[in-house]
Amino acid sequence: MSFLSPTLRLENLSTQPTMTQDHVPEDQRYNKQNIVAQWCVPINGKMYRIELEHGTTSGRRMIWVNGREVLRRDWMFKLVGEDTFHIDQTRCIIRVDPAPGFKYEYSLYIDGKSHDQYTEDMTRQYRLWLYTDDAAAEAPQEYRIMLKLDTLSLYVNDELRTEESVFVHGGTDTKFLLQDTEFVLQARSSGNKHDGIVHTLLANGVPVPEAKIQEIMQEPVSILQSSN
């Protein structure tokens, strides 16, 4: 005869950990101070900020993409290993490996490639420009303009634009308006097979310097805002 309440009998007790963060709203779970590794990655024309939380005492491992939780594991007794997740149907893996001095190394793989290798590939596949409109009415407006070379897809702050190109002498011009700024994306032949087509971006007739995609991927910039 058992004096326990039916809900307290051994066969009725949950085998799942009770100390989780399910009851905490997502925006409150996100804490910059808990992030141990961070990467910036362009995938299908959009820029993503990937962050890892690795609690060595709590056993909790969390992955955030643009401030949104995509993976969480509580009470992980094994502090090293791999976690797989997907961004826009692209397979990503974060590896946690032991390092000397009771520390850890964190590595990101995208589509089967290391972050460094993926960065080199993206440099060949994309062109990138950063432009700040200081004359915006309320506050300076930042634009990240990316051109995917194989499809000529044009993205502005992660949004795909459908602009028509017109043929001009020596190439094409693609015009689009953002607020009060007129942009023209010029495509011109370089005259040699090695360089191929040269792309130049003009803002109100002034050339915009091309940004280095490697630096953007390594060092997050202010334009990488968390998605709401």
Side-chain angles (χ1 to χ4, degrees), residues 21 26-56 58-74 76 78-132 142-150 153 155-160 210-228:
Q21 290 190 330
E26 184 180 63
D27 59 343
Q28 297 181 22
R29 292 199 297 268
Y30 179 78
N31 188 340
K32 270 285 189 183
Q33 296 180 349
N34 295 334
I35 301 301
V36 297
Q38 179 175 271
W39 303 268
C40 289
V41 180
I43 297 177
N44 296 331
K46 299 181 180 181
M47 191 70 76
Y48 295 91
R49 184 182 66 246
I50 302 173
E51 296 170 298
L52 172 67
E53 179 180 339
H54 184 216
T56 57
S58 66
R60 179 177 298 122
R61 196 178 303 167
M62 302 177 71
I63 296 176
W64 303 84
V65 176
N66 287 357
R68 302 298 299 271
E69 177 188 308
V70 298
L71 184 143
R72 171 160 50 100
R73 301 186 190 277
D74 294 303
M76 295 283 293
K78 186 178 180 181
L79 297 180
V80 297
E82 296 182 352
D83 284 305
T84 301
F85 57 102
H86 291 80
I87 299 178
D88 198 7
Q89 300 182 347
T90 298
R91 186 168 181 260
C92 302
I93 296 175
I94 290 182
R95 276 188 54 181
V96 181
D97 293 304
F102 299 101
K103 297 181 181 180
Y104 298 91
E105 293 181 347
Y106 307 100
S107 306
L108 173 67
Y109 295 85
I110 311 103
D111 202 18
K113 302 174 183 177
S114 69
H115 184 256
D116 289 343
Q117 183 181 356
Y118 186 82
T119 301
E120 295 180 3
D121 291 347
M122 291 302 100
T123 300
R124 293 189 291 267
Q125 295 179 23
Y126 286 91
R127 291 293 179 266
L128 170 68
W129 297 269
L130 298 176
Y131 179 79
T132 301
E142 294 180 314
Y143 297 109
R144 181 179 66 252
I145 301 168
M146 298 183 68
L147 176 68
K148 199 170 189 296
L149 297 179
D150 58 349
S153 300
Y155 296 84
V156 177
N157 291 359
D158 296 338
E159 294 293 332
L160 177 63
E210 186 173 340
K212 294 182 178 181
I213 199 169
Q214 300 99 320
E215 296 176 359
I216 300 300
M217 291 176 67
Q218 297 289 346
E219 298 293 338
V221 293
S222 60
I223 205 168
L224 293 175
Q225 302 294 337
S226 299
S227 300
N228 294 321

remark   = Separation between CG (Leu108) and CD (Gln38), nearest 0.5 Å, reads 11.5 Å

query = Between CG of Asp150 and CD of Gln125, what distance do you get to the nearest 0.5 Å?
reply = 6.0 Å

Closest non-hydrogen atom pair between Phe85 and Ile94, with its separation = CE2-CG1, 3.8 Å

ask   = What are the two closest heavy atoms between Tyr106 and Trp39, and how far apart are they?
value = O-CZ2, 3.7 Å

message = Does any part of the side chain of Gln117, heavy atoms only, come nearer than 4.5 Å to the side chain of Asp121, both counted from C-beta?
response = yes

inquiry  = Does this structure show an ion pair linking Asp88 with Lys46, if we count only N-O contacts that are shorter than 4.0 Å?
reply    = no

query = Nearest 0.5 Å, what's the NE2-OG distance between His115 and Ser107?
reply = 11.0 Å

Tyr104 side chain to His54 side chain, donor-acceptor N/O pair below 3.5 angstrom = no

task = Kindly indicate whether the side chain of Arg95, heavy atoms from C-beta on, has any atom under 4.5 Å from the side chain of Val80.
result = no

task = For residues Leu130 and Glu142, determine if any side-chain heavy atom of one lies less than 4.5 Å from a side-chain heavy atom of the other.
result = no

query = To the nearest 0.5 Å, what is the distance between SG (Cys92) and NZ (Lys113)?
reply = 12.5 Å

message = Quick check for you: to the nearest 0.5 Å, what is the distance between Glu210 atom CD and Trp129 atom CH2?
response = 5.5 Å

note = Shortest non-hydrogen pair, Tyr143 vs Val156, comes out as CD2-CG1, 4.0 Å

query = For Gly45 and Asp158, which heavy atoms make the closest approach, and how far apart are they?
reply = O-OD1, 4.1 Å

Taking every non-hydrogen atom, the tightest pair across Ala99 and Glu105 = CB-CG, 3.7 Å

key: Side-chain touch Val96/Leu52, heavy atoms, less than 4.5 angstrom   = yes

key: Close side-chain approach of Ile50 to Ile87, heavy-atom, < 4.5 Å   = yes

request  = Would you give the length of the straight line joining atom NZ of Lys212 to atom OG1 of Thr123, rounded to the nearest 0.5 angstrom?
outcome  = 10.5 Å

ask   = Where is the tightest heavy-atom contact between Leu128 and Met146, given as atom of each residue plus distance?
value = CD1-CG, 3.5 Å

